[in-house]
Amino acid sequence: MNQEINFIPLDYDYFDWQGKNYVKILGRDDKGKRVCLIDRFEPYFWAILKEGTSDKKIQQIQDKIKKIKIKGMSRITNVEKTEIHNKNFLGKPVKAIKIFITNYKDAHPVADHLGMKEIIARREYDLPLVTHYIIEKKLKPLCWYKISGEILNNSQEFGGIDSVLEVDTCIKVEKISELSDKPAFQPKILAFDIEADEFEIGKGEIVMISLVSNSLKKVLTCKKTAKKQDYVETFKDEADMLEAFVNIVKEQSPDLLVGYFSDGFDLPYLRARAEHNKVKLSLGLDGRQPAFARGRLPSAQLFGIVHIDLFRFISSVYSQYLQSETLSLNEVSSELLGEGKKDFNHKHSSKLDHQEWLEYFEYNLQDSILTYKLAEKFWPDMLELSKIVQEPLFEIARNTMAQNVENYIIHNLEKYNEIAEKHPTHDEIGERMQREKYEGAFVFQPTAALYENLAIFDFTSMYASIIVTHNLSKASFSEKKQPGFLEVDIGKDKKSHKVYFSSKPSFFALMLSEIIEKRKKYKAEYKTHPSALTFATSNSYKLLANASYGYQGFFGARYYCVEAAAATAALAREFIHNLIEKINKQDYKVIYADTDGVSFLLQDKTKKQTFDFLKQLNKQLPGIMELELEDFYKRGLWVTKRTGEFGAKKKYALIDEKGKLKIRGFETVRRDWCTLARQLQNKVLASILQDGNETSALEIIKETIKNIKERKIDKKDIMIRTQLKKPLSEYKSIMPHVVAAQKIKEQGKPIDIGMVIEYFIAETREKKALVREKVKLPDEKGEYNIKYYLEHQILPAVENIIEVFNINLKEIIDGKRQKKLGEF
DNA sequence: GAGCTCTTCTTACC
DNA sequence: ACTGGTAAGAAGAGCTC
């Protein structure tokens, strides 16, 4: 039976049938029905031929290739056919043999049989099957298509796959065409969260599971409690509760199953308890249990329902744009939703009283509510990134930006008739990692002072625009001088090292130029017609553009080219130096610069003169390079380094004409300083920048010092937070946060990389020399160490700010000038 | 064990 | 190991005297 439907793909998987590869794609039709497509994938890869190989020789090689046979345990792979194509590889025209094989899994062993000396490279046998499929059949994730094909209804084809799949329709694809009008698509989201008595995966029972969607708010528990809310349902045991969980997921039939840290906790825990209780956790639409892909971080995958761990998406793609200092659900949702987690003092479930049970249920439900709301908030971002990068949602939610850049390139190579470069081998990665660092950005040495009337110019997407304008990439790079090539010196420490780049635009530069253009287009569109979707589109292009420079210098990149990265940085230095010179020549005074931005004093110049000057500067810039006014500022403060008399780089505070502060690098913005020091410094900076003098700032400092000495400081304000960056055992230097982490471990709590450890420095009975010997955890009894907080938190935070006014705060605190300023 | 430099470590900037 | 280099600064490690 043949049918035609409108279809949007959400999830991709593949399977073998009679030794051949098939892809199954799960999505929805325009009526919201679940549809699974089954499509054949004819795997192939490329053998690139040496230039000038004769047609006769090529014919001989083809004949040889056709005879290759791989006999495995369960299947035999043959070379099905070969074709000769004119392709490009790294921008150069090549002749290549397209080798079609029976099964993709044998691509590697087949490639290993291609030792002929005329074959200079074998490519695209290392692309993931689904990626290859999307490129080949042009069935991009989350775009609408018209599909025609044969409906499978209890068909024996593919071993009766359609009767196993829990879908409305299963279609064997015959034709795919793009749909011109695009029906709206809003995914059904189901958020979930579990609570357990133990932190260790699977160790204790799961106490409760909450589930939230647009039509559901529920908490499942296997504990008998005297009181419970209406949304709580009690089950006789854990096994029953787990089965109910599976059934609710099936009833809800969501497109996305969303958790927060669920790759690392909730799903592994559920699996472990399901195993323990001999319950089948068949959440996938194919009836399978979650599959855990190994990797640095585990990924829990279900077929047909896209499992998204929002924590992972946020940390790999969005964290740099968040203010939150940890990526905890509480902080992230407070920032983005204006609503945090419910208060609940965690206890073992056997020790909870009636009231605490009610609080616990509410707490658990709230976690799912927050996760649900965050998923709604991030849906446009995941959707757009998935459509632009053309990789499935499951991957998009887990990939890093380097992978996104790479996938964008791979999915866009066809336009340039390019064969994809291979992934570096383990040895190549090792070599790349051992390479010496190249010289990076220039940072101007400022002079510490309080300045008035400033402006900042900066280059828009500087590195990306340099790459595009100067065509810096692997495909255009040459070690040797060639006519018409751009010469860039990427030498370090006064040693010259010249590299060259062709002026013929490479696919890398062209793609990046398109990314920048699209970013501009959608940014403008957002300005006139603001919507979450256009913002997400614009933002996705921005993220890709920003990561492209780092990508070329990244050791794991297929299109790795440090020379291009080093040349980008070298040219950026040249541009910023020239800019500084031009600004100073115009009778402005440059006081600071870092990478792509310059801060300068207006002196007696007007804003109009400055805008005209900017226009003039822009006329002199090549290609797509562009300089913009960041803003005008009323005052700006730069301080000296704590060691030495020079101005500190990457540390300054500005106030604009509306009185808004912009603080960079100062302790105020560093999470490893206590709130007390950070808030005090913030107040001091604000008052100095507002008033233009230090008078009231000194009063604020005085007051704080007095409060510290009188032990009036709230305990929460003296907590120091530091992140664990590696396993406890790997620390060579035992620092305060390591000691704090050890203490937490002794309490039987789990310690993991990435955790932010909280502690304070306490008074000790005996005199202790080291800070780490005075470390206490927030819940430990003990008074804060006055001397430590005065000398190691407060003083360093404000000392060099006050020093700008030639006042020595240290002497004041030490009491050397107590007669003059006795109140200290 | 005071006083110094060097190393390790974290977190910022762009 | 999962974009790059530049920089500040705390605290421990290791040394000398």
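Proteins come first, then strands; the chains are lettered A, B, ... in the order of their sequence lines, and each starts at number 1.
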Is Tyr788(A) touching bases, backbone alone, or none of the nucleic acid, heavy atoms closer than 4.0 Å?
sugar-phosphate
Please state how far atom OH in Tyr551(A) lies from atom P in dA1(C), giving the value in whole angstrom units.
18 Å
Does the side chain of Ser733(A) get closer than 4.0 angstrom to OP1 or OP2 of dA11(C) through an N or O atom?
no
When we call it a touch if two heavy atoms are under 4.0 Å apart, what does Lys726(A) touch: a base, just sugar-phosphate, or nothing?
sugar-phosphate
Separation between the P atoms of dC9(B) and dA1(C), rounded to whole Å:
16 Å
Check every strand shown and say whether Lys437(A) touches a base, only sugar-phosphate, or nothing at a heavy-atom separation below 4.0 Å.
base
Nearest-Å distance, CD (Gln445(A)) to P (dT6(C))?
15 Å
Measure from the ring center of Tyr652(A) to the ring center of Tyr592(A) and say whether it is less than 6.0 Å.
yes
Return yes if a side-chain donor-acceptor contact under 3.5 Å exists between Arg312(A) and Ser299(A), otherwise no.
yes
Does the plane of the ring in Phe261(A) sit parallel, tilted or perpendicular to the ring in Phe311(A)? Use 30° and 60° as the thresholds.
perpendicular
For a salt bridge (Lys or Arg N to Asp or Glu O under 4.0 Å) with Glu563(A), tell me which candidate from Arg435(A), Lys474(A), Lys498(A) qualifies.
Arg435(A)
Taking atom types as modelled, is there a side-chain donor on Asn471(A) or Ser506(A) under 3.5 Å from an acceptor on the other?
yes
For the rings on Tyr318(A) and Phe313(A), is their centre-to-centre separation under 6.0 Å?
yes
Any base atoms under 4.0 Å from Gly440(A), or only sugar-phosphate, or nothing? Heavy atoms, all strands.
sugar-phosphate
Indicate whether any N or O donor in one side chain lies under 3.5 Å from an N or O acceptor in the other, for Ser538(A) and Arg519(A).
yes
To the nearest Å, give me how far apart CD1 (Ile757(A)) and P (dC9(B)) are.
15 Å
Can Lys726(A) be said to sit on top of Tyr731(A)'s aromatic six-ring, NZ or CZ under 6.0 Å from centre and within 45° of the ring axis?
yes
Presence of His737(A) side-chain N/O under 4.0 Å of dC9(B) phosphate oxygens OP1/OP2:
no
Between Arg772(A) and Glu439(A), the residue closer to the 5' end of DNA chain C by nearest nucleotide is Glu439(A)
What is the distance, rounded to the nearest whole Å, between atom CD1 of Ile490(A) and atom P of dG5(C)?
12 Å
Please tell me which of the listed nucleotides, dA13(C), dC2(C), dA11(C), lies nearest to the side chain of Met735(A)?
dA11(C)
When you measure from the side chain of Tyr731(A), which nucleotide among dG4(C), dA13(C), dC9(B) comes out closest?
dC9(B)
Send over the distance from Tyr463(A) OH to dT3(C) P, rounded to a whole Å.
18 Å
Strictly under 3.5 Å: I want the nitrogen or oxygen pairs between protein and nucleotides 11-14 of chain B, one per line.
| residue | atom | partner | partner atom | Å |
| --- | --- | --- | --- | --- |
| dT11(B) | OP1 | Arg671(A) | NE | 3.0 |
| dT11(B) | OP1 | Arg671(A) | NH2 | 3.2 |
| dT11(B) | OP1 | Gln723(A) | N | 2.9 |
| dT11(B) | OP2 | Arg671(A) | NH2 | 3.3 |
| dT11(B) | OP2 | Gln723(A) | OE1 | 3.4 |
| dT11(B) | O4' | Arg670(A) | NH2 | 3.0 |
| dT11(B) | O2 | Arg670(A) | NH1 | 3.1 |
| dA12(B) | OP1 | Val669(A) | O | 3.1 |
| dA12(B) | OP1 | Arg671(A) | N | 3.1 |
| dC13(B) | OP1 | Gly665(A) | N | 3.1 |
| dC13(B) | O2 | Lys650(A) | NZ | 2.8 |
| dC14(B) | OP1 | Tyr652(A) | OH | 2.4 |
| dC14(B) | O3' | Asp594(A) | O | 3.4 |
| dC14(B) | O3' | Asp596(A) | OD1 | 2.1 |
| dC14(B) | O3' | Asp596(A) | OD2 | 3.3 |

Between CG of Asn399(A) and C1' of dC2(C) the distance, given in whole Å, is 9 Å
Hey, would you say the Phe600(A) and Phe457(A) ring centroids sit under 6.0 Å apart?
yes
Nearest listed nucleotide, side chain of Gln320(A), among dA7(C), dA1(C), dT3(C):
dT3(C)
Can you list the residues that meet the ring pair (Phe, Tyr, Trp, His ring centres under 6.0 Å) rule with Tyr759(A), with sequence neighbours excluded?
none
Sugar-phosphate only, base, or nothing, as touched by Gly553(A) at under 4.0 Å among non-hydrogen atoms
sugar-phosphate
Among dA10(C), dT6(C), dA1(C), the nucleotide that comes nearest once only the side chain of Met433(A) is considered:
dA1(C)
Protein and nucleotides 14-17 of chain C: nitrogen or oxygen contacts under 3.5 angstrom:
none

Which one, dA10(C), dT8(B), dG4(C), comes nearest to the side chain of Tyr549(A)?
dG4(C)
Ring centres under 6.0 Å, that's the criterion: do Phe760(A) and Tyr784(A) meet it?
no
Rounded distance (Å) that lies between atom C1' of dA10(C) and atom CD of Glu799(A)
14 Å
Can you tell me how far C1' of dA1(C) sits from CD of Glu406(A), to the nearest Å?
14 Å
Tyr438(A) side chain, from C-beta outward: closest of dA10(C), dA7(C), dG5(C):
dG5(C)
